[in-house]
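Everything on this sheet refers to the single structure shown next.
For ligands, and for the atoms within them, numbers begin at 1 and follow the listed sequence.
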Amino acid sequence: MATRFGDYQSEIYLHGLAGTKPPFTTDLAALEEEAAARLPEDGFGYVAGGAGSGATMRANREAFDRWKIVPRMLAEATDRDLTTTVLGDELPAPVLLAPIGAQTIVHPDGELATARAAASLGLPMILSTVSSHSVEAIAEAGGSRWFQLYWPSDAEVCASILGRARNAGYTALVVTLDTWTMGWRPRDLDRAYVPFLNGEGLAIPFSDPVFRSRLAKSPEEDLPAAMLAWMSMFTGTDFGWHQLSLLRELWSGPIVLKGVQHADDARRAVDAGMDGIVVSNHGGRQVDGALAALDALPTIAGAVGDRIEVLFDSGVRTGADVIKALALGAKAVLYGRPYAYGLGLAGEDGVRHVLRCLLAELYITLGLAGYRTPSELSPSLLRRG
Ligand SMILES: Cc1cc2nc3c(=O)[nH]c(=O)nc-3n(C[C@H](O)[C@H](O)[C@H](O)COP(=O)(O)O)c2cc1C
Ligand SMILES: CC(C)CC(=O)C(=O)O
């Protein structure tokens, strides 16, 4: 059923009459500034950082800014319906929560808070392999959930992790291709900081019985050795396209490849029988100098047509950004850093506030631009300028 997400606007004004303000800014493009001022430097720096000089991270935003929406008038767009179906999941709006690892670095409740906020709005959460809480614990929050895989070299560990995710009710599998090893990230390197150094974020592998069987001593007894085992199994891996069939044997639900940036790779995903792709450069955290994800989107969408579900992330901040990504060929977007800032600023309520702002802005802007549903959006409503 369609939800009037715009109601958050009137709710905020009404609370204002009673003297209550929103928990923090409603300006999603300015959220990072507020987070920078209020969150601890280590956690904030890890979330905000990008690869190398930050050129790709900036390019992601610049690409959105180059596209302008051309609003249409008297379009009878009062009643909007943002619902859409992605890989069999009925979504109240074309938005999913991007996988973000190690969320306790910004708030002690981490992914549990995020899962509860997402479930309360009916948006699917994509849980990272590098999560501070186990797949089973997150499942208790309810709601629709997908699982993101960092593909380990040990096939039995992979089978065990996927089996647990499937048993815990995760429906689609998102396999991240662009981070088989960590990008060069000066912001973390300068502080010699990664969350995983103290085991943070490794709940899924560390709680896995097969992973544990590979260790001489448990992570509780010898953390550095467990960390090394994790790193050698989950990073620096060497998979090729032909091995995707291994994952198909382990996962009966839809499989989505995340990190596609070239039309030929998108075609290969189709040929490999995949169900979806996420056009993404990992928020500019991997290849510095890579093209903006939004600039890759139209070519890729054109190359695969409707043979595969095309999702998008990297740089989405506002409701208008969602409209632009949808107009350029995405079926839905993955929302990333902003909800992590919301989590850091106010836990579950903070994530909910950020998501409600995004959905309200999307709902209102879509109508003001003259459109009623995501399916009406096409490149013709945009101009380069
Ligand atoms: C702190 C942080 C952790 C992330 N962890 C993961 C992860 O575990 N798995 C994954 O596939 N992507 C991960 N990503 C990438 C996001 O899923 C997404 O591609 C990216 O945040 C999009 O860029 P944006 O947030 O600037 O829009 C992470 C991103 C950030 C900022
Ligand atoms: C490298 C991962 C472990 C986490 C991640 O995807 C990220 O920090 O961007």
Side-chain angles (χ1 to χ4, degrees), residues 28-29 31-32 35 39 42-51 54 56-64 95-107 110-111 114 125-132 146-152 173-185 187-189 193-197 199-205 227 230-231 233-237 256-261 277-287 290 292-294 311-318 321-322 325 330 333-344 354 358:
L28 296 169
L31 189 57
E32 183 158 311
L39 299 188
D42 275 347
F44 172 78
Y46 183 71
V47 176
T56 294
M57 202 167 56
R58 285 190 298 278
N60 283 339
R61 285 301 314 149
E62 288 158 9
F64 275 101
V95 177
L96 301 93
L97 279 74
I100 289 196
Q103 293 183 20
T104 50
I105 62 173
V106 290
H107 191 280
E111 293 83 357
T114 300
M125 169 184 182
I126 308 175
L127 182 68
S128 165
T129 302
V130 194
S131 157
S132 320
W146 295 13
F147 184 69
Q148 177 267 331
L149 182 70
Y150 277 129
W151 193 352
L173 179 66
V174 177
V175 185
T176 301
L177 303 181
D178 57 21
T179 310
W180 53 272
T181 197
M182 183 94 107
W184 182 256
R185 300 182 183 175
R187 192 156 180 171
D188 303 326
L189 291 165
Y193 175 80
V194 279
F196 322 107
L197 274 183
E200 181 102 60
L202 297 176
I204 289 174
M227 283 289 308
W230 172 74
M231 277 173 66
M233 207 182 280
F234 283 84
T235 73
T237 51
V256 178
L257 301 183
K258 176 169 181 280
V260 173
Q261 294 163 73
I277 52 173
V278 186
V279 177
S280 164
N281 57 30
H282 211 94
R285 294 163 75 80
Q286 288 298 100
V287 179
L294 194 71
L311 309 179
F312 174 86
D313 79 29
S314 296
V316 178
R317 296 293 175 267
T318 67
D321 295 341
V322 179
V333 303
L334 276 52
Y335 203 46
R337 286 182 176 97
Y339 85 75
Y341 297 139
L343 176 65
V354 167
L358 177 75

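With contacts defined as side-chain heavy-atom distances shorter than 4.5 Å, the pair Trp146/Leu334 does not qualify. Met182 has its side chain within reach of Val194: a pair of non-hydrogen atoms, C-beta onward, lies under 4.5 Å apart. Ile100 has its side chain within reach of Tyr339: a pair of non-hydrogen atoms, C-beta onward, lies under 4.5 Å apart. For the pair Leu189 and Trp184, the minimum side-chain heavy-atom distance is below 4.5 Å. Taking the side chain as every heavy atom from C-beta outward, Trp151 and Thr176 never approach each other to under 4.5 Å. Between Tyr150 and Met233, the closest side-chain pair of non-hydrogen atoms is not below 4.5 Å. The closest side-chain heavy-atom distance from Trp230 to Leu202 is below 4.5 Å. Two residues are said to be in side-chain contact when any heavy atoms from C-beta on lie closer than 4.5 Å; Asp313 and Lys258 meet this criterion.
Checking only distances, Arg185 does come within under 3.5 Å of ligand 2, N or O to N or O. Residue Thr176 has at least one N or O atom closer than 3.5 Å to an N or O atom of ligand 1. For ligand 1, the polar-atom distance check finds no N/O of Val130 at less than 3.5 Å from any of the ligand's N/O atoms.
Atoms CD and CG, from Gln148 and Leu127 in turn, are 8.5 Å apart once rounded to the nearest 0.5 Å. For the atom pair Leu149 CG and Ile126 CD1, the distance stands at 13.0 Å (nearest 0.5 Å). One distance of note links CG of Leu28 with CZ of Arg337; it measures 15.0 Å at 0.5 Å rounding. A distance of 11.0 Å separates CG in Leu311 from CG in Leu257, rounded to the nearest 0.5 Å. Once rounded to the nearest 0.5 Å, the distance linking CD of Gln103 with OG of Ser128 reads 8.0 Å. Going from atom CD of Gln286 over to atom CG of Asn281 covers 9.5 Å, rounded to the nearest 0.5 Å.
When hydrogens are left out, the protein atom nearest atom 18 (C) of ligand 1 is Asp313 OD2, 3.4 Å; that is the closest non-hydrogen contact. Considering only non-hydrogen protein atoms, atom 1 (C) of ligand 2 sits nearest to Met182 SD, 3.3 Å. The shortest contact between atom 6 (O) of ligand 2 and any protein heavy atom is with Tyr150 OH, 2.5 Å. Of the protein's heavy atoms, Ser128 OG, 2.6 Å lies nearest to atom 8 (O) of ligand 1. Scanning all protein heavy atoms for the shortest distance to atom 16 (C) of ligand 1 gives Pro99 O, 3.4 Å. Annotation: atom 9 (N) of ligand 1 to nearest protein heavy atom, Tyr150 OH, 3.1 Å. Looking at atom 8 (O) of ligand 2, its nearest protein heavy atom turns out to be Tyr46 OH, 2.3 Å.
Residue Thr179 approaches ligand 2 through these ligand atoms, each under 4.0 Å from one of its heavy atoms: 1 (C). Atoms of ligand 1 lying under 4.0 Å from at least one heavy atom of Ala98, given by number and element, are 17 (O). Taking every heavy atom of Arg285 and a limit of under 4.0 angstrom, the matching atoms of ligand 2 come to 7 (C), 8 (O), 9 (O). Ligand-side atoms of ligand 1 in range of Tyr46: 1 (C), range being under 4.0 angstrom from any heavy atom. Heavy-atom contacts of Val316 reach the following atoms of ligand 1: 27 (O) (cutoff under 4.0 Å). When each atom of ligand 1 is checked for a heavy atom of Ser280 under 4.0 Å away, the hits are 19 (O). Interface of Val130 with ligand 2, defined as ligand atoms under 4.0 Å from a residue heavy atom, comprises 3 (C).
Contact analysis puts Phe196 in contact with ligand 2, with a non-hydrogen atom separation below 4.0 angstrom. Using a 4.0 Å heavy-atom cutoff, Ser314 is listed among the residues neighbouring ligand 1. Contact analysis leaves Met57 out of contact with ligand 1, as no non-hydrogen atom separation drops below 4.0 angstrom.
Across Leu294, Val278, Ile277, a single residue satisfies side chain to side chain contact (heavy atoms under 4.5 Å, CB included) together with Phe312, and that is Leu294.
By the criterion of a heavy-atom distance under 4.0 Å, the side chain of His282, and not its backbone, is placed next to ligand 2. Looking at Gln148 against ligand 1, only its side chain comes within 4.0 Å, counting heavy atoms. Contacts of Lys258 with ligand 1, taken as heavy-atom pairs under 4.0 Å, involve the side chain alone. In Ile126, neither the side chain nor the backbone holds a heavy atom less than 4.0 Å from any atom of ligand 1. Contacts between Tyr335 and ligand 1, counted as non-hydrogen atom pairs separated by less than 4.0 Å, are absent for every part of the residue.
Of the listed residues (Gly283, Gly315, Gly336), the one carrying the non-hydrogen atom nearest atom 27 (O) of ligand 1 is Gly315. If you check each of Glu32, Arg337, Arg285 against atom 30 (C) of ligand 1, the one with the closest non-hydrogen atom is Arg285. Remark: among candidates Gly101, Gly284, Gly49, the nearest residue to atom 4 (C) of ligand 1 is Gly101, based on non-hydrogen atoms.
Taking the centre and axis of the six-membered ring of Tyr46, the NZ or CZ atom of Arg285 falls inside the cone set by 45° and 6.0 Å.
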